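Okay, structure first, notes after.
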Amino acid sequence: MIPVSTDAPTALVVGGSGMVGAALTSALASSSGGGWRVRPTSRVARGDRVRLDLFDPASIVDAVRQTSPSTIVLAVDGAARAAELERDPSHADALFVAGTRAVVDAARGLGARVVLLSTDLVFAGTDGPYGEHDAPRPCTVVGTRKAAAEEIVLSLGSEGLVARTSEVFGWDPASPNLAMEVWRRAGTGRPVVASRTWQVTPTAVQDVASGVAAAVRAELSGVVHIAGAESRSRFDLAADLATALGIDPSMVVDGAEWLQDGGREVRLGLSTGELQATTSWRPTAQREAVRLLRGASRQAVRASTADASAEAAALRDEILERVERHHALAHAARPFEPLRSRVPYAGRVFGADEVVSAVDASLDFWLTLGPRGAEFEQALCDRIGAPDAVFVNSGSSANLTAMLTLTSERCPDRLRLHPGDEVVTPAVTFPTTLAPVVQCGLVPVLVDCEIGTYNADPAALEAALSPKTRALLLPHTLGNPYDMAAVMEIVRAHDLVLVEDCCDALGARFDGRPVGTFGTLATLSFYPAHHITTGEGGAVVVNDRRLERVVRSVRDWGRDCWCPPGESNTCGRRFGWQLGELPCGYDHKYVYSTLGYNFKPTDIQAAIGTVQLSRLPEFHARRQHNFSRLHEGLLRYEQLVLPRAVPGAAPAWFAFPITVRDGTSRDRLVQWLERRNIETRQVFAGNILRQPAYRDIERRVPAPLTNSDRVMHDTFFIGVYPGLTDVMIDFVLEQFDEFFAGRDG
Ligand SMILES: Cc1ncc(COP(=O)(O)O)c(C=O)c1O
């Protein structure tokens, strides 16, 4: 609820219970919209709604008298019902013409301003998009009635404003707009008919609301246009909306619509010169508007888990408030006591927000992956700048999902890997980076790494290729990016598939571009040691849209069906497919087209992840700070090889790797640090071919793994994670000083 001062001007929003009216009501009431006291109307009075029936002139007079508005907005959602009104001209007459006249008469008596929401249907539809100065030339029932209503409002002179819109869409299950038509039809399995030859400038409902608020604030009169910036056909718009709502876009079929009698092309749509010239309002880009719609639809699914009564909602608030208090007491930072307190190499860093979010999700008791998972996946896409990200239950599952996707029958031929194909990857690695390669029947080609970067030299990668090589699998070791310019050249020159293991590298960049966006697929881990955590958890980043459904199928038991959790039949053909040798109409929910598993995490994990992800920049800055301090403090020891990045790389350091030079014992240094409670780790498996499980795997090793063996003997890492304070880093550096001063006994 937005508080408004009692002397704020009042706006009466006629049609306030429709989608546009509701958006407008909150836009005008918001402080940026003007902080109005807004009174929406509805045909039945309830709550703060004023009774007003446009077919009943007496109710209009009553509503105006009761609220004494300084502005009346006529937001009667006519255009979306246009096809219906076309068949019933007398209804359109009463709604638009007589209703508007009664409102304008009442406003005149009071000196109030009137804003009419109108439509591009007042134009003939031959020359769109239309500007504010183009003369209306209506040729439909709705168009002529709306044009008449415009005349009535414009007769108010400086007190009248006509705001035209074009093809408004938004999330409101009660609204007949195209997005909701797509949504409803998908549920029934009937196709949505939308024309390829009907041009509009689709307008997000929130743009209509902010546009009207801007025009009212600027006290504009006459005609303004409020519309999206891009011209699209209704067919393309419907297909975009379907994709955003997780519905198969082939549900949308091309066909003539009511305005096209005679098969003519329709060129409607509006340009928005006036409003952009006189206010700071700008339309949202279509892509972003569709993304917001997707967010709103997911919020709505989530709201279905909301508390069923006011008492339950109040209890939830109380619980969450207590959780916050509990967190402050139970997880307060403890003072660091040198030698006694541990200096961890990594750990979860979380605040009250993460715990509150986890408990909030627990109260929903959705349990499996649901709406909060979808929200987290969207947040990951936005953060990384990738088309899709699929949340899984670990980084290891992410790596296996990636390999099962690329070896699946459903993988497009150009990307598909077959048993016996070679995958070039470094020998210093994490076991579950390599295990999926072996398990999928692919042959790893193991290359040596460089000391300092702990990545393979791109020249070594290229030298390792053979005619059988089809892919590169590159973990950005400890958050340190590969030279991606060189890697991408190799990928292109040899037509390879690239998979990036970014489990230790979320937030790292090369030439300004996030790692994880270079490969066809990339993987992430959210285990507590990593850059953000969901407890157990990981993700597959999908940069090739053709693989989205395959990745999700592998994660979701291998099934062919792509319905989101809690839904069935979004393809509208659940019992209508004929696939392979299955009986015709076999339930699509039980058709399996990949060798998948259940790699799904829970909604509770997703709830934690969304909060953690929003803190990534803060975490990243602290990791960087700790790394720089250690680097500065240790630079003077020639006995140590310090970590380095290649030009263009901006690492997101997972840890601080150190290799000792000849004459210094890694093991003595490590034991010295560990005795002082400073945690150390080795670089994962070291040369993995020395590990018992990997000794006998089928592989090719084109060149000696000299540095990989050295890593096993001479390298270790200490922490840089955001839980380390300056006092801890000072202590760590002092212990190195003591060691090199010869006090290690
Ligand atoms: C490079 C790399 N890949 C994969 C994984 C596996 O991630 P998870 O522990 O979430 O299974 C890790 C784990 O630390 C890792 O460092």
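Counting starts at 1 for both ligands and their atoms, in listed order. This is a predicted model, so every value here is computed, not measured.
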Per-atom contacts, ligand 1 versus [X] - under 4.0 Å to a heavy atom:
X    : value
N399 : 3 (N), 4 (C)
S525 : 7 (O), 8 (P), 10 (O)
F684 : 16 (O)
S394 : 10 (O), 11 (O)

Worksheet item: So, does E536 sit close enough to ligand 1 that a heavy atom of it is under 4.0 Å from the ligand?
Response: no
So that I know where these two stand, are [X] and [Y] an aromatic pair - ring centroids less than 6.0 Å apart?
X    : Y    : result
H531 : Y721 : no
F740 : Y637 : yes
F526 : F376 : yes

With a 4.0 Å cut-off, would you call [X] and [Y] a salt bridge?
X    : Y    : value
R372 : D360 : yes
R615 : E618 : yes
E638 : R661 : no

Starting from [atom], locate the nearest protein heavy atom and write down its residue, its atom name and how far away it is, to 0.1 Å.
atom                    : value
atom 4 (C) of ligand 1  : C503 SG, 3.4 Å
atom 14 (O) of ligand 1 : H530 NE2, 3.0 Å
atom 8 (P) of ligand 1  : G395 N, 3.4 Å

Rounded to the nearest 0.5 Å, the CD atom of E462 sits from the CD atom of E489 at a distance of 8.5 Å
dist H631:NE2 -> N626:CG (nearest 0.5 Å) comes out at 14.0 Å
Note: S396, heavy atoms under 4.0 Å from ligand 1, region reported as both
Below 3.5 Å, N or O to N or O, backbone or side chain included: is there any such pair between [X] and ligand 1?
X    : answer
F430 : no
T432 : no
D501 : yes
S397 : no

### Task
Give a yes-or-no answer on whether the side chains of S408 and T405 include a donor-acceptor pair shorter than 3.5 Å.
no
